[in-house]
There are 2 protein chains.
Amino acid sequence: MDDLLALDNQICFSLYAVNRAVTSRYRSLLAELDLTYPQYLVMLVLWERARSDQPTRVSDLGARLRLDSGTLTPLLKRLAQRGLISRVRSLVDERVVTISLTEEGVDLRELAIQVPQKLLCGLDVAPERLLALRNELKAVLKAMEIQGEKVPNG
Amino acid sequence: MDDLLALDNQICFSLYAVNRAVTSRYRSLLAELDLTYPQYLVMLVLWERARSDQPTRVSDLGARLRLDSGTLTPLLKRLAQRGLISRVRSLVDERVVTISLTEEGVDLRELAIQVPQKLLCGLDVAPERLLALRNELKAVLKAMEIQGEKVPNG
DNA sequence: CACATTTACATCGTGCACAATGTAACTAGA
DNA sequence: TCTAGTTACATTGTGCACGATGTAAATGTG
């Protein structure tokens with residue numbers, strides 16, 4: 001065997017290391033917006049959905065980001081405390097909490113737009129290489145999620 | 001603009017999502033070994049180094065896994081408590097803590113060997129595709145780290 | 001040798017992730 | 001309408017990550 005257990009042979013470690021390295025780059029850029037990386041992802045979803053005028057529920061964010069309420073509830077409370085979003089319990093169904101952007105939250109988008117650009121500039125990797133990597137990742141994620149649906153109790 | 005801020009266009013989100021999906025697969029496999037995923041990575045390094053009879057210091061693990069003592073110290077304490085490793089302060093340099101595998105830690109390798117195999121079997125993605133992804137990730141990581149060394153205060 | 005600096009970990013605080021559990025609100029069936 | 005079941009979110013506890021700081025040991029300098 002050419003060592004299945006060798007760290008360098010484990011795709012998991014490459015994923016883990018690259019993810020942390022990329023997140024680290026984002027961290028310093030996002031510090032200027034006073035956002036953490038997961039908070040930034042939540043804001044991305046909210047900015048995206050703001051166009052379609054559909055109210056966003058906590059479960060919508062969870063479905064998009066693959067996060068549960070255990071992660072989202074405290075995160076959203078912090079975003080609300082910073083005045084970027086509001087959390088309102090629905091009147092038609094009191095189980096549901098509706099998330100909407102405040103004016104400040106909407107405005108933050110202008111600053112956030114610069115983040116991906118700055119990140120790409122600071123990244124000494126060919127853009128087409130990143131694009132290829134992203135497409136590979138998306139394909140793998142899709143495969144894993146379809147598979148997960150096929151065997152719900154596996 | 002074709003929306004730089006769209007979630008699906010952000011490589012960071014693909015990385016984040018795939019990393020968590022893969023980690024999740026590992027989690028259930030590693031539960032049988034009573035290991036978390038980062039603990040498993042530490043054990044991989046220790047098994048690797050056990051061959052060369054070099055003593056492993058906390059900073060060696062940190063360099064390999066890109067983790068600092070704030071993460072490693074409590075993690076290593078937990079591994080020690082489970083009897084897989086021993087933590088001994090060096091006699092020649094009392095700042096250094098030397099990590100070594102216990103007999104139980106060495107033996108666990110036999111069980112751990114099955115983990116990557118089981119993971120690959122349970123993953124409905126072509127192996128050569130994973131290999132390509134891994135190589136892409138390694139290349140990106142390398143590029144980012146070389147770059148990081150070039151600009152230490154950037 | 002005295003003293004500043006560096007090194008190697010340890011500690012602390014914050015914020016995720018996630019499993020497990022709790023709870024109130026809605027829904028469906030008899 | 002009573003009740004069993006489901007849904008949507010909240011809470012709790014554990015374990016990372018990581019920045020910031022602390023501390024003792026080693027090293028370097030005059």
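A, B, ... follow the sequence lines: proteins, then strands. Residue 1 opens every chain.
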### Query
Looking at B/Val42, B/Leu35, B/Leu41, which one forms a side chain to side chain contact (heavy atoms under 4.5 Å, CB included) with B/Gln39?
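Running side chain to side chain contact (heavy atoms under 4.5 Å, CB included) over B/Val42, B/Leu35, B/Leu41 with B/Gln39 returns exactly one hit, B/Leu35.
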### Query
So which of A/Leu72, A/Asp60, A/Leu46 actually passes side chain to side chain contact (heavy atoms under 4.5 Å, CB included) with A/Ile99?
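Checked A/Leu72, A/Asp60, A/Leu46 against A/Ile99; only one passes side chain to side chain contact (heavy atoms under 4.5 Å, CB included): A/Leu46.
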[X] [atom1] to [N] [atom2]: how many Å, rounded?
X	N	atom1	atom2	value
A/Asp68	C/dA20	CG	C1'	11 Å
A/Tyr37	D/dG19	OH	C1'	19 Å
A/Leu67	C/dA19	CG	C1'	14 Å
A/Leu30	C/dC16	CG	P	12 Å
A/Leu75	C/dA17	CG	P	8 Å
B/Arg20	C/dC16	CZ	C1'	10 Å
B/Arg82	D/dT14	CZ	P	12 Å
B/Asn19	C/dC16	CG	P	17 Å

### Query
Counting side-chain heavy atoms from C-beta on, which of D/dA10, C/dT11, C/dC18 comes nearest to A/Thr73?
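Between D/dA10, C/dT11, C/dC18, the one nearest the side chain of A/Thr73 would be D/dA10.
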### Task
State which of D/dA8, D/dA10, C/dC9 makes the closest approach to the side chain of A/Val96.
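Ranking D/dA8, D/dA10, C/dC9 by closest atom to the A/Val96 side chain puts D/dA8 first.
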May I ask you to evaluate whether [X] reaches the phosphate of [N], defined as a side-chain N or O under 4.0 Å from OP1 or OP2?
X	N	value
B/Arg57	C/dA8	yes
A/Gln39	C/dG15	no
B/Tyr16	C/dC16	no
A/Ser59	D/dA8	no
A/Lys77	C/dC16	no
A/Arg66	C/dC16	no
A/Arg87	D/dA10	yes

Applying a 4.0 Å non-hydrogen cut-off, can you work out what [X] is touching in the nucleic acid: base, sugar-phosphate, or nothing?
X	result
A/Ser69	base
B/Leu72	nothing
A/Val92	sugar-phosphate

### Query
Is the side chain of B/Arg49 donor-acceptor paired with the backbone N or O of B/Trp47 at a distance under 3.5 Å, no angle test?
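Side chain of B/Arg49 to backbone of B/Trp47, a donor-acceptor pair under 3.5 Å: no, none is there.
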### Query
For B/Arg25, does its backbone N or O pair with a side-chain atom of B/Ser28 as donor and acceptor, under 3.5 Å?
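Judged by distance alone, yes, a pair lies under 3.5 Å.
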### Message
I want to confirm an ordering. Mapping A/Asp60 and B/Arg78 to their closest nucleotides on DNA chain D, which one lands closer to the 5' end?
### Response
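In this pair, the answer is A/Asp60.
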#### Entry: A/Thr71 or A/Ala21, whichever maps to the more 5' nucleotide of DNA chain D
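Its nucleotide being nearer the 5' end, the pick is A/Thr71.
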### Query
What distance separates B/Leu33 CG from B/Leu108 CG, expressed to the nearest 0.5 Å?
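Going from the CG atom of B/Leu33 to the CG atom of B/Leu108 covers 5.0 Å.
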### Query
Rounded to the nearest 0.5 Å, how far does CG of B/Asp53 lie from OG1 of B/Thr56?
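Interatomic distance, B/Thr56 OG1 to B/Asp53 CG, rounded to 0.5 Å: 10.0 Å.
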### Query
Taking for each residue the nucleotide of DNA chain C with the nearest heavy atom, is it A/Ser90 or B/Arg95 whose nucleotide lies nearer the 5' end?
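It is B/Arg95, whose closest nucleotide lies nearer the 5' terminus.
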